[in-house]
Each structure stands twice: as structure tokens, then as C-alpha cells.
Amino acid sequence: MNRSFIFLAEGFEEIEALTVIDVMRRAGMDIKSVAVTHDVNVTGAHGITVKADLTLSETEFDEAEWLIVPGGMPGSTNLSQCEKLNDALKAHAAKGGGIAAICAAPAVVLYPLGILDGKEATCYPGFEKDCVKAVMRDAPVVALPNLITANGPASALRFALSIVAASMGEHNAQSVGSGMLFYPKSVNFYF
């Protein structure tokens, strides 16, 4: 299993980012948080400052398993304006690498890059109207083999477990979820 990366910009949605990091690490996955600024300290949408593991300038994504984009505003907008991140996302998607985004990020970050074109996805309610080339679903999580999207903070745990299921199998995701007292019937389909 290769390293995965989750990207943090000023104004990111804290619960979406930190839940993903926590769940993936519980599952034994290698995930690093990456500040898209020059400072590893990034403040989220609700005033919580997080120290990222790395900055964008010290990170290579050639061998990455998942590139993950949390939502939040203005975090999603700030991520969408990061050219190096946009290039990494497009290149990763083009080679069939795993891409995951939650909340506003599917619409604000992924859609303008063409990553959602013709694919099923979900996002924070109201943003789907801008994704006319995607097949938007009214679901908490939409998990495709290399593309996982979710609709918002309340879906952060299911979103994270869907990433685990895609990488390590349904059984491992169920095991991690059970350890957290979360018992979905399945984590690898529309919720």
C-alpha cells in the first residue's frame, strides 16, 4: 500500500480532514496531511489550527495511492486555486489513481478539472447544480473504484471508511468501523 495525502488549505472543514486521517491511520494506512501553503500550520473553517505533516513544496505524488480533498469554505476555494495541487489531481486521475473529495470539494475542486465528467458523484447540497457533466446523486457517499465523494461533515466517517474499503477491503473497513462503534451493513456502496 502506497502513501496517501490529504490537502489542507486555510478554511478547510476540520471534521472532514481529521476524521479521514484518524480512520486511515487506525486501519494501518500511510496518510500524510499536506499544507498547500508554505506554513505547516493551517487554520480550518471553525478556527481550529492543525499542524500538517508536510507542505506541498516538499511532497511528491508519483507513487501516491489516494489524493484526498476535504471541503469547507473557503478551504475548497483555496484548494481550487492551488495550481500544483490541480496538476497533481489531474495527473493522478489520468493514471487511474484514487481520488476522494467531500462536501464542497467535489464541485469546487474536482469538477473544474474534468475529474467528475460522466461519473457518479455527490457533494454538499446546492453545489451539484454546477456539475452538469457529472451524474450527481443525492447520497451521503458515492464510492466508485477510484473515485469516492461524500456530501458533508456528517458523512465524514462513512467517507473515510469507504476509502479504507477501497484499499483494504470491506472486512477491514468493517473492523475499523466496529472498533469505533459504527456498524454499517456495508461501507462500499451508496449510503
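Source: prediction; values computed, not measured. Note: hydrogens, waters and symmetry copies are ignored here, and every other heavy atom, side chains too, is used. For the single chain, residues carry numbers from 1 onward in sequence order.
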Search all heavy atoms of [X] against all heavy atoms of [Y] and return the closest pair with its distance.
{"X": "Ala104", "Y": "Met73", "result": "CB-SD, 4.1 Å"}
{"X": "Ala35", "Y": "Val40", "result": "CB-CA, 4.1 Å"}
{"X": "Ile31", "Y": "Ile21", "result": "CG2-O, 4.0 Å"}
{"X": "Pro106", "Y": "Ala150", "result": "CG-O, 4.2 Å"}
{"X": "Ala101", "Y": "Leu110", "result": "CB-CD1, 3.5 Å"}
{"X": "Asn172", "Y": "Val164", "result": "C-CG1, 4.3 Å"}

Side chain to side chain donor-acceptor pair (under 3.5 Å) contacts in which one or both residues fall within [range], not counting sequence neighbours:
{"range": "residues 78-98", "value": "none"}
{"range": "residues 109-119", "value": "none"}
{"range": "residues 62-71", "value": "Glu65-Ser167, Trp66-Ser167"}

Check: [Y] and [X] side chains under 4.5 Å, non-hydrogen atoms:
{"X": "Glu120", "Y": "Met136", "value": "no"}
{"X": "Val50", "Y": "Asn41", "value": "no"}
{"X": "Val108", "Y": "Thr77", "value": "yes"}
{"X": "Leu116", "Y": "Leu147", "value": "yes"}
{"X": "Val23", "Y": "Leu157", "value": "yes"}

Q. Going through the checks in order, is the side-chain contact (heavy atoms from CB on, under 4.5 Å) test met by Leu8 and Val34?
A. CA-CA 6 Å; Leu8 306 179; Val34 180; over 6 Å; no
**Q.** Pairwise salt bridge (charged side-chain N to carboxylate O under 4.0 Å, His left out) hits with a residue in residues 140-155, at least two apart
**A.** none
Check: residues 124-134 side-chain donor-acceptor pairs under 3.5 Å, at least two apart:
unit_1 : atom_1 : unit_2 : atom_2 : d
Glu128 : OE1    : Gly126 : N      : 2.8
Glu128 : OE2    : Gly126 : N      : 3.4
Lys129 : NZ     : Gly126 : O      : 3.0

**Q.** Summary of ring pair (Phe, Tyr, Trp, His ring centres under 6.0 Å) pairs that have at least one residue in residues 25-61, sequence neighbours excluded
**A.** Phe5-Phe61, Phe7-Phe61
Q: With side-chain contact (heavy atoms from CB on, under 4.5 Å) as the test, would you mind laying out the steps for Cys82 and Leu56 before giving the verdict?
A: CA-CA 10 Å; Cys82 179; Leu56 195 59; 3.3 Å; yes
Drop me the distance from [X]'s [atom1] to [Y]'s [atom2], to the nearest 0.5 angstrom.
{"X": "Leu67", "Y": "Thr59", "atom1": "CG", "atom2": "OG1", "value": "10.5 Å"}
{"X": "Ser33", "Y": "Phe12", "atom1": "OG", "atom2": "CZ", "value": "8.5 Å"}
{"X": "Arg25", "Y": "Lys32", "atom1": "CZ", "atom2": "NZ", "value": "5.5 Å"}
{"X": "Ser162", "Y": "Glu170", "atom1": "OG", "atom2": "CD", "value": "8.5 Å"}

Residues two or more places apart in sequence or in another chain: which of them pass side-chain contact (heavy atoms from CB on, under 4.5 Å) with [X]?
{"X": "Ser175", "result": "none"}
{"X": "Thr43", "result": "Glu10, Thr49"}
{"X": "Thr122", "result": "Val142, Thr149, Asn151"}
{"X": "Ile15", "result": "Glu13, Thr19, Pro153"}

Q: Not counting sequence neighbours, which residues clear side chain to side chain donor-acceptor pair (under 3.5 Å) with Ser57? List them please.
A: Thr55
Q.
Has Asp22 got a side-chain atom pairing as donor or acceptor with Leu18's backbone, closer than 3.5 angstrom?
A. no
Q.
Quick one: does any side-chain atom of Glu14 pair with a main-chain N or O of Ile48 as donor and acceptor, under 3.5 Å?
A. yes
Q: Output all residues satisfying salt bridge (Lys or Arg N to Asp or Glu O under 4.0 Å) with Asp30, sequence neighbours left out; order by chain, then residue number.
A: Arg3
Q) Is there a chain of hydrophobic side chains (I, L, V, M, F, W, Y, each step under 4.5 Å between heavy atoms) that links Val141 to Val135? A) no
Q.
Please say yes or no: joined through hydrophobic side-chain contacts below 4.5 Å, possibly via intermediate residues, are Phe182 and Ile163 part of one cluster?
A. yes
